[in-house]
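All remarks here apply to the structure that follows.
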Amino acid sequence: MRVIAHISDLHFGYNDPLLANALTEALAQINPDVLVVSGDLVEHATDAEFQHARAFLDSLPGPQIIVPGNHDLPFYNLWRRFTEGLAKYRRFITDDLQPAFVDSEVVIIGADSAHLYPVKGGKITDSQLDELVALFSTFPSELIRVLVTHHPFDLPEPWNPHLLIGHSRRAVTRLAPVVDILLAGHVHLSSTGTTSTRYKLEGHAMAFVQAGTAISDRNKGETNSFNVIRTGSAEPRQKQVIVDRYSWTKDEREFKCKDSKQYRLSDQGWAEFRVSQVGVS
Ligand SMILES: [Fe+2]
Ligand SMILES: [Fe+2]
């Protein structure tokens with residue numbers, strides 16, 4: 001079993017220090033094997049915001065797989081956006097725009113979906129897609145294969161499809177045979193599901209997991225949250241993931257697990273498994 005903590009949309013410069021401290025404590029208790037941060041670490045992409053984000057990341061467990069979001073390039077000042085791009089992100093956070101974690105059970109690869117254009121929406125270029133498909137194809141299908149982006153490839157219908165990565169159908173069609181789980185953020189609302197509803201690809205469906213905003217004040221009608229994903233096998237050779245959503249509780253002033261969903265791999269791809277009390281070995 002592997003435990004992956006998935007946080008997103010920290011938005012330093014527009015965040016709540018109380019929540020940041022509580023998140024640090026929660027993650028220390030959970031003690032994940034890997035921490036995934038799916039973008040929008042800062043709000044205005046200034047030195048000061050990135051310094052805060054860097055100090056915060058240093059207080060969290062590792063290894064860490066981090067990808068940039070649209071706010072990690074200057075978002076409100078187009079001149080800065082096109083002259084600076086991801087320079088500050090690369091300087092303060094990481095120079096690796098396709099980070100990877102690989103062990104005997106999971107492979108987690110991050111991809112940069114936040115380009116100069118479009119400003120808010122995301123895209124994966126053709127060369128990125130070619131590289132990702134080739135890379136994931138090198139790993140045995142027994143591993144749980146996870147792709148991390150800031151922008152989502154899928155959301156529960158009928159959410160606005162304009163929130164999805166550009167040309168998402170083309171990307172999903174190519175990724176589904178070699179990827180199990182998609183992790184993303186950006187919309188500041190948590191959700192999980194499978195790509196079988198929107199994309200209907202015979203024999204292939206990925207599970208998708210959206211993280212809400214972990215610590216920012218920019219929550220859109222949903223309390224702050226993050227995810228903990230436990231990977232493993234339900235039965236011999238049947239891959240399973242359990243996705244727990246930890247939400248901020250105002251009264252208790254801590255993050256608590258408030259929702260849990262299970263997904264299993266079948267011959268039609270990943271599907272939700274609704275019977276409770278299933279152990280993961
Ligand atoms: Fe965001
Ligand atoms: Fe975003």
Side-chain angles (χ1 to χ4, degrees), residues 2 4 6 8 36 38 105-111 113 121-124 128-130 132-133 135-137 139-187 189-212 222 225 227-245 259-276 278 280:
R2 293 290 180 270
I4 305 166
H6 173 206
S8 196
V36 166
S38 55
E105 293 190 25
V106 297
V107 50
I108 305 171
I109 298 173
S113 63
K123 70 179 176 188
I124 292 291
Q128 279 180 294
L129 190 56
D130 289 344
L132 288 167
V133 171
L135 191 51
F136 275 111
S137 300
F139 295 101
S141 60
E142 289 75 22
L143 299 188
I144 300 270
R145 300 158 298 180
V146 182
L147 173 60
V148 183
T149 53
H150 177 61
H151 299 84
F153 289 97
D154 202 357
L155 292 166
E157 290 188 314
W159 289 21
N160 188 344
H162 292 109
L163 294 168
L164 302 178
I165 278 179
H167 303 293
S168 60
R169 179 171 296 278
R170 184 174 65 190
V172 167
T173 302
R174 293 195 58 198
L175 290 167
V178 292
V179 171
D180 296 295
I181 316 292
L182 300 166
L183 303 185
H186 182 58
V187 296
L189 292 169
S190 57
S191 64
T192 67
T194 79
T195 57
S196 60
T197 307
R198 184 184 302 273
Y199 297 102
K200 297 181 177 57
L201 301 170
E202 185 67 30
H204 295 295
M206 298 176 282
F208 65 83
V209 178
Q210 286 291 127
E222 179 183 278
S225 67
N227 298 318
V228 176
I229 298 136
R230 286 176 283 151
T231 68
S233 299
E235 297 164 12
R237 290 155 44 112
Q238 185 179 26
K239 295 200 285 189
Q240 174 178 272
V241 295
I242 299 175
V243 184
D244 291 337
R245 185 177 72 210
D259 189 48
S260 185
K261 286 198 175 156
Q262 300 177 24
Y263 294 89
R264 286 187 180 181
L265 184 61
S266 71
D267 57 2
Q268 285 302 304
W270 285 87
E272 186 174 352
F273 186 76
R274 293 180 185 274
V275 177
S276 58
V278 177
V280 173

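Below, all heavy atoms of this structure are taken into account, side chains as well, without hydrogens, waters or symmetry copies.
Judged purely by atom type and a 3.5 angstrom limit, Arg198 uses its side chain to pair as donor or acceptor with the backbone of Leu155. Checked by atom type and distance alone, the side chain of Thr194 never pairs as donor or acceptor with a backbone atom of Ala271 at under 3.5 Å. At distances below 3.5 Å, not a single donor-acceptor pair connects side-chain atoms of Ser168 with backbone N or O atoms of Leu164. Judged by distance alone, the side chain of Gln268 and the main-chain N or O of Gly203 form a donor-acceptor pair under 3.5 Å. Listed for the Asp180 side chain is a donor-acceptor partner under 3.5 Å among the backbone atoms of Arg145.
The local environment of CD in Glu157 is crowded, with over 12 non-hydrogen atoms from other residues, nucleotides or ligands closer than 6.0 Å.
Here the shortest heavy-atom pairing between Ile181 and Val179 reads O-CG1, 3.6 Å. Considering all non-hydrogen atoms of both residues, Trp270 and Val241 come closest at CZ3-N, 3.8 Å. Shortest non-hydrogen contact noted between Gly193 and Tyr263 is N-OH, 3.2 Å. Across all their heavy atoms, Ser137 and Val178 have their closest contact at OG-CG1, 3.5 Å. Nearest heavy atom pair, residue Pro152 against residue Gln210, reads CB-OE1, 3.0 Å. Shown here for Ser38 and His6, the closest heavy-atom pair between the two residues is OG-NE2, 3.0 Å.
Between the CD atom in Glu105 and the CD1 atom in Ile144 there is a gap of 8.5 Å [rounded to 0.5 Å]. A distance of 7.5 Å separates CG of Leu183 from CD1 of Ile108, quoted to the nearest 0.5 Å. Of the inter-residue distances, the one linking Phe153 atom CZ with Leu175 atom CG reads 5.5 Å to the nearest 0.5 angstrom. With rounding to the nearest 0.5 Å, the separation of OG in Ser196 from CD in Glu202 is 11.5 Å. Remark: Ile124 CD1 to Leu147 CG distance equals 7.0 Å, nearest 0.5 Å. Distance check, rounded to the nearest 0.5 Å: OH of Tyr199 to NE2 of His204 gives 16.0 Å.
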* Given side chain to side chain contact (heavy atoms under 4.5 Å, CB included), test Leu182 with Val209 step by step and report yes or no. => CA-CA 6 Å; Leu182 300 166; Val209 178; over 6 Å; no
* In sequence, state the C-alpha distance, the side-chain angles, and the governing distance for Val106 and Leu143, and then conclude on side chain to side chain contact (heavy atoms under 4.5 Å, CB included). => CA-CA 5 Å; Val106 297; Leu143 299 188; over 6 Å; no
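The closest side-chain heavy-atom distance from Val172 to Asp154 is not below 4.5 Å. Side chains of Asp130 and Gln128 form no contact here, defined as non-hydrogen atoms less than 4.5 Å apart. A heavy-atom distance below 4.5 Å is not found between the side chains of Arg264 and Lys239. With a 4.5 Å cut-off on side-chain heavy atoms, Thr195 and Leu201 do not count as touching. In this structure the side chain of Phe136 never reaches within 4.5 angstrom of the side chain of Val146, judged on heavy atoms. Proximity of Ile242 to Ile229: side-chain heavy atoms (C-beta onward) are nowhere separated by under 4.5 Å. Two residues are said to be in side-chain contact when any heavy atoms from C-beta on lie closer than 4.5 Å; Lys261 and Glu272 meet this criterion. Taking 4.5 Å as the limit, every side-chain heavy atom of His151 sits out of range of all side-chain heavy atoms of Lys123.
Thr149 and Ser113 are not linked by any side-chain donor-acceptor pair at a separation below 3.5 angstrom, with hydrogens and angles left out of the test. Side chains of Glu222 and Ser190: a donor-acceptor N/O pair is present below 3.5 angstrom, by distance only. Counting only N and O atoms by type, the side chains of Ser260 and Asp244 include a donor and acceptor under 3.5 Å apart.
Classification of the His150-His186 ring pair by plane angle, with boundaries at 30° and 60°, yields perpendicular.
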